J.: 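Sharing a structure here in structure tokens format.
For clarity, every value in this text was computed on a predicted model and none was experimentally measured.
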Amino acid sequence: MRSRSGFGWLQFLIGILLIVLGIWAFTDPDLALTGMVVACGLAAIIMGIADILLFVQVERYTGFGPSLALVSGILSVMSGIMLLAYPGAGVIILTILFPIWFIAHCISRLSHLSSIRLIAGNATFYFALVINIIGLILGFMMLLSPIFTLNTIRYFASAYLILLGIDSVVMAASRIGMRR
């Protein structure tokens, strides 16, 4: 049997990527949306792969996996590929896909909160709960108003990307990565 370090390196790398992406969007208010579309496309692909891997690992460990993690992972990868393939049109697509990505990712995380509480403890559980509820609210606000999405993406979305990154780093450092 392989031993594991107990540190989730993939979650950690996703967290760092999201924090850097969020800071980048905050520091350059005139950031070209095409650049953000490409960065978000890469982040969506990486997060989608991580959600699919989560499904596979949980299924292997428990005998069944969180199906929403698989669906969220597939949607994230598809969204990321679409953003990378058409960065010019991605600005328009971003007003629809970005909120759907936020919503799908938050629903995926919320669907396995009980496992997070069991494995990582109450502090990580409550942090993930609050962050993902905020993400759902922000996702629905952006979905209902594409103009809101374009006008506020670099502020609200970049702040949320930083929070998602912190959430991933917290998950990486928690006991999620350890096998018993």
J.: Looking at every non-hydrogen atom in both residues, tell me the closest pair between Leu113 and Phe125 and how far apart they are.
T.: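 Scanning both residues completely, I find the closest heavy atoms to be O-CD1, 3.5 Å.
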J.: Testing the basics here: between Cys40 and Leu21, what is the closest heavy-atom pair and its distance to 0.1 Å?
T.: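 The answer is SG-CD2, 4.2 Å.
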J.: Where is the tightest heavy-atom contact between Pro87 and Val38, given as atom of each residue plus distance?
T.: CB-CG2, 4.1 Å
J.: What pair of heavy atoms forms the shortest contact from Ser76 to Gly48, and how long is it?
T.: CB-CA, 3.5 Å
J.: Please give me the minimum heavy-atom distance between Ile14 and Ala50, naming the atom from each residue.
T.: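 Closest pair (atom of Ile14, atom of Ala50, distance): CD1-CB, 3.2 Å.
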J.: What are the two closest heavy atoms between Ser111 and Leu68, and how far apart are they?
T.: CB-CD1, 3.6 Å
J.: Can you find a heavy atom in the side chain of Asn122 that is under 4.5 Å from one in the side chain of Arg117?
T.: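 Yes; the side chains approach each other to less than 4.5 Å.
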J.: Show me the donor-acceptor pairs, under 3.5 Å and distance only, between side chains in residues 127-145 and residues at least two apart or in other chains.
T.:
| unit_1 | atom_1 | unit_2 | atom_2 | d |
| --- | --- | --- | --- | --- |
| Asn132 | ND2 | Ala128 | O | 2.6 |
| Ser145 | OG | Phe148 | N | 3.1 |

J.: Side chains of Leu17 and Ile46, heavy atoms from C-beta outward: is any pair under 4.5 Å?
T.: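 Yes - at least one pair of side-chain heavy atoms lies under 4.5 Å apart.
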J.: Is any side-chain heavy atom of Ile49 closer than 4.5 Å to a side-chain heavy atom of Val77?
T.: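 Ile49 vs Val77: side chains touch.
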J.: Atom CE in Met82, atom CG in Leu75: separation rounded to 0.5 Å?
T.: 12.0 Å
J.: May I have the list of side-chain donor-acceptor pairs in residues 163-170 shorter than 3.5 Å, sequence neighbours left out?
T.:
| unit_1 | atom_1 | unit_2 | atom_2 | d |
| --- | --- | --- | --- | --- |
| Asp167 | OD2 | Arg109 | NH1 | 3.2 |
| Ser168 | OG | Leu164 | O | 3.3 |

J.: Return a table of donor-acceptor pairs under 3.5 angstrom between the side chains of residues 97-107 and protein atoms on other chains or two or more places apart.
T.:
none

